[in-house]
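See below for the structure under consideration.
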Amino acid sequence: MSLAATAERADPAVANPRSRVILASLIGTTIEFYDFYVYATAAVLVFPHLFFPAGDDTAALLASLGIFGAAMVARPLGAIFFGHLGDKRGRKATLVGALLTMGIATFLIGALPTYEMAGWIAPALLVVMRLAQGFALGGEWSGAALVATENAPPGKRAVYGTFPQLGAPIGFIVANGLFLIIAALLPSDDPSRPSQAFLEWGWRIPFLFSIVMVIVGLWVRLNLVESAAFEKTVQKGKVTRLPLASAFKNHFREIVLGTFYMLATYVLFYLMTTFSLSYGRAAPGGPVPGLGYDYTTFVLMMIGGVVFFGIFTLLSGPWADRWGRRRTLIWITLGIIAFGFLWVPMLAAGPVGVMAWLILGFTLMGMTFGPMGALLPELFPANVRYTGSGISYNVSSILGAAVAPFIAVMLWRYGGGSPFWVGVYLSSMAFITLIALLLGPETKDVDIEY
């Protein structure tokens with residue numbers, strides 16, 4: 001990159017306008033989370049029926065959730081790869097690459113053969129595509145968070161940092177809304193199982209549709225201008241040859257803290273979006289008793305809860321800018337710990353209690369997720385920020401999200417259908433996050449351009 005080009009791109013006259021920053025950080029994570037939710041829904045609703053041998057339904061569900069969790073293993077690898085590119089070559093091109101990887105992998109899942117067509121090749125291909133999804137998401141989040149926070153006006157970083165976070169509830173609503181429409185057009189007589197038409201071809205539509213969203217996302221991101229923080233790093237010759245080595249050598253404590261900051265968020269996130277769908281649809285008199293709702297009813301209830309997820313994601317930004325990230329998150333994490341012990345009484349209180357459980361869980365999810373868009377990038381200097389924040393965010397995905405659905409199903413079975421131990425698991429993970437927050441620094445006033 002020439003000095004003239006660098007100076008031109010760093011010129012405030014050609015800086016990213018506010019609307020472009022918000023749209024670019026929001027649309028990419030919306031697409032990425034849409035793709036992830038499409039898979040999460042299919043992992044519970046479709047894949048146990050189509051990609052594994054018939055027989056033990058619980059074993060098929062666990063295998064499907066196992067593949068779902070496998071993507072979390074690929075996410076730190078994606079964080080390292082895309083983080084290296086983002087810290088050496090810039091945020092813009094790296095984000096385009098992450099979005100393309102996710103979009104192509106999701107589209108190809110919609111074209112895969114089933115177990116009946118190809119035997120064990122089918123789940124093997126599903127694993128490959130799922131790993132590609134995880135690899136892409138490993139590079140997406142940190143890049144989108146950096147686009148938002150590195151372009152934020154003074155005192156507004158947490159507010160801007162909520163926009164990539166808002167992609168999670170929006171992606172959930174779009175993905176599950178599309179599944180609901182297809183399920184309504186292809187209705188089933190058995191509430192515990194999709195219709196034959198849905199299983200034959202209907203489930204593929206949301207995966208194939210993702211390519212349209214990717215095209216829109218690419219158009220927005222190709223019009224971005226590189227952030228001033230990265231350009232200053234280039235101008236001052238502070239770009240590191242090996243960002244990963246530098247991050248671990250000089251900022252290992254921050255990586256560990258960031259990883260555990262995210263732990264409660266990830267566990268709550270996947271319990272409320274993935275485990276809850278299994279628990280909500282399981283028959284009360286089944287091998288592992290559940291709530292017995294039909295798919296459409298429970299997903300509509302979940303979407304109602306996710307609306308609160310989105311609202312409180314946005315509200316959490318001003319709170320974190322006013323009171324600080326650490327103080328805000330300590331109180332929210334205490335709320336998550338208490339919430340874990342309320343599962344049994346709330347879920348035993350009938351439809352009103354179940355709806356209250358969903359609203360409270362997703363409200364806490366928004367409040368804990370929103371500030372992370374600013375907090376994790378603020379832990380690291382600009383020359384390793386993409387790598388450091390990405391590793392923290394995605395290593396936490398292994399400790400939290402990769403195993404959360406699997407552990408939850410096992411604890412659900414251990415409790416004979418009671419969610420008590422699942423709630424205890426959530427509270428335990430939130431307690432670990434609380435300790436990390438108590439040990440960590442406040443980052444609200446750090447200079448993010450260095």
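A quick note: this is a predicted structure, and the numbers were derived from the prediction, not measured.
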Could you tell me whether the side chain of [Y] reaches within less than 4.5 Å of the side chain of [X], counting heavy atoms only?
X      : Y      : answer
Ile359 : Thr363 : yes
Val395 : Ile255 : no
Tyr115 : Trp120 : yes
Tyr160 : Asn151 : no
Val96  : Leu222 : yes
Met117 : Thr114 : yes
Ile432 : Leu399 : no

Name every donor-acceptor pair, under 3.5 Å, that has one atom in a side chain of residues 365-379 and the other anywhere in the protein, sequence neighbours excluded.
from   : atom 1 : to     : atom 2 : distance (Å)
Thr368 : OG1    : Thr265 : OG1    : 2.9
Glu378 : OE1    : Arg325 : NE     : 2.9
Glu378 : OE1    : Thr443 : OG1    : 2.6
Glu378 : OE2    : Arg157 : NE     : 2.7
Glu378 : OE2    : Arg157 : NH2    : 3.1
Glu378 : OE2    : Arg325 : NE     : 3.4
Glu378 : OE2    : Arg325 : NH2    : 2.6

Trace of the salt bridge (Lys or Arg N to Asp or Glu O under 4.0 Å) decision for Arg221 with Glu140: CA-CA 12 Å; Arg221 285 190 167 173; Glu140 164 61 31; 2.6 Å; yes

Aromatic ring pairing Phe269/Phe33, orientation class (parallel under 30°, perpendicular over 60°, tilted between):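 Phe269 vs Phe33 ring planes: perpendicular.
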
Parallel, tilted or perpendicular: ring planes of Phe312 versus Phe308, cut at 30 and 60 degrees: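 Parallel, since the angle between the ring planes stays under 30°.
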
Trace of the side-chain contact (heavy atoms from CB on, under 4.5 Å) decision for Leu329 with Tyr261: CA-CA 9 Å; Leu329 285 166; Tyr261 285 169; over 6 Å; no

With rounding to the nearest 0.5 angstrom, report the [atom1] to [atom2] distance, [X] to [Y].
X      : Y      : atom1 : atom2 : value
Phe179 : Ile205 : CZ    : CD1   : 9.5 Å
Asn394 : Met262 : CG    : CE    : 9.0 Å
Leu242 : Thr387 : CG    : OG1   : 10.0 Å
Phe230 : Gln235 : CZ    : CD    : 11.0 Å
Trp319 : Leu314 : CH2   : CG    : 11.0 Å
Leu146 : Tyr386 : CG    : OH    : 7.5 Å

Is the side chain of [X] donor-acceptor paired with the backbone N or O of [Y] at a distance under 3.5 Å, no angle test?
X      : Y      : answer
Tyr266 : Ile398 : no
Ser392 : Gly388 : yes
Trp203 : Leu199 : yes
Arg75  : Gly134 : no
Tyr270 : Val403 : no
Asn383 : Lys238 : yes
Thr433 : Phe260 : yes
Ser195 : Ser188 : no
Thr274 : Leu271 : no
Thr106 : Ser210 : no

Where is the tightest heavy-atom contact between [X] and [Y], given as atom of each residue plus distance?
X      : Y      : result
Ser246 : Thr240 : OG-CG2, 4.0 Å
Asp321 : Lys444 : O-CD, 3.1 Å
Ala122 : Pro113 : CB-O, 3.3 Å
Trp357 : Ser276 : CH2-CB, 3.7 Å
Ala408 : Phe275 : CB-CD1, 3.5 Å
Ile336 : Ala264 : CD1-CB, 4.5 Å

Full working for side-chain contact (heavy atoms from CB on, under 4.5 Å) between Leu112 and Leu108: CA-CA 6 Å; Leu112 288 181; Leu108 291 177; 5.5 Å; no

Partner of Phe172 under side chain to side chain contact (heavy atoms under 4.5 Å, CB included), chosen from Val299, Val307, Thr273: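 One option only clears the test, and that one is Thr273.
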
Partner of Val384 under side chain to side chain contact (heavy atoms under 4.5 Å, CB included), chosen from His84, Lys249, His251: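 Only match with Val384 under side chain to side chain contact (heavy atoms under 4.5 Å, CB included): His251.
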
Criterion side-chain contact (heavy atoms from CB on, under 4.5 Å) on Trp141 and Gln165, from CA distance to verdict: CA-CA 9 Å; Trp141 178 85; Gln165 310 299 74; 2.6 Å; yes

For Phe135, ring-ring contact (aromatic ring centres under 6.0 Å, His included) partners two or more places apart: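 Counting only residues at least two positions away or on another chain, Phe135 forms a ring-ring contact (aromatic ring centres under 6.0 Å, His included) with Phe81, Phe82.
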
Over 12 foreign heavy atoms within 6.0 Å of CD, Glu442: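 Counting other residues, nucleotides and ligands, CD of Glu442 exceeds 12 neighbours.
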
Residue Leu439 excluded, over 12 heavy atoms near CG under 6.0 Å: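 Count over threshold, so yes.
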
side-chain contact (heavy atoms from CB on, under 4.5 Å) between Phe163 and Val21, worked out: CA-CA 9 Å; Phe163 289 109; Val21 170; over 6 Å; no

Under 3.5 Å side-chain donor-acceptor pair for Thr41 and Asn176: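 Yes, Asn176 and Thr41 have a side-chain donor paired with an acceptor closer than 3.5 Å.
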
Tyr39 ring center near Phe47 ring center (under 6.0 Å):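 Aromatic pair counts; centres sit under 6.0 Å.
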
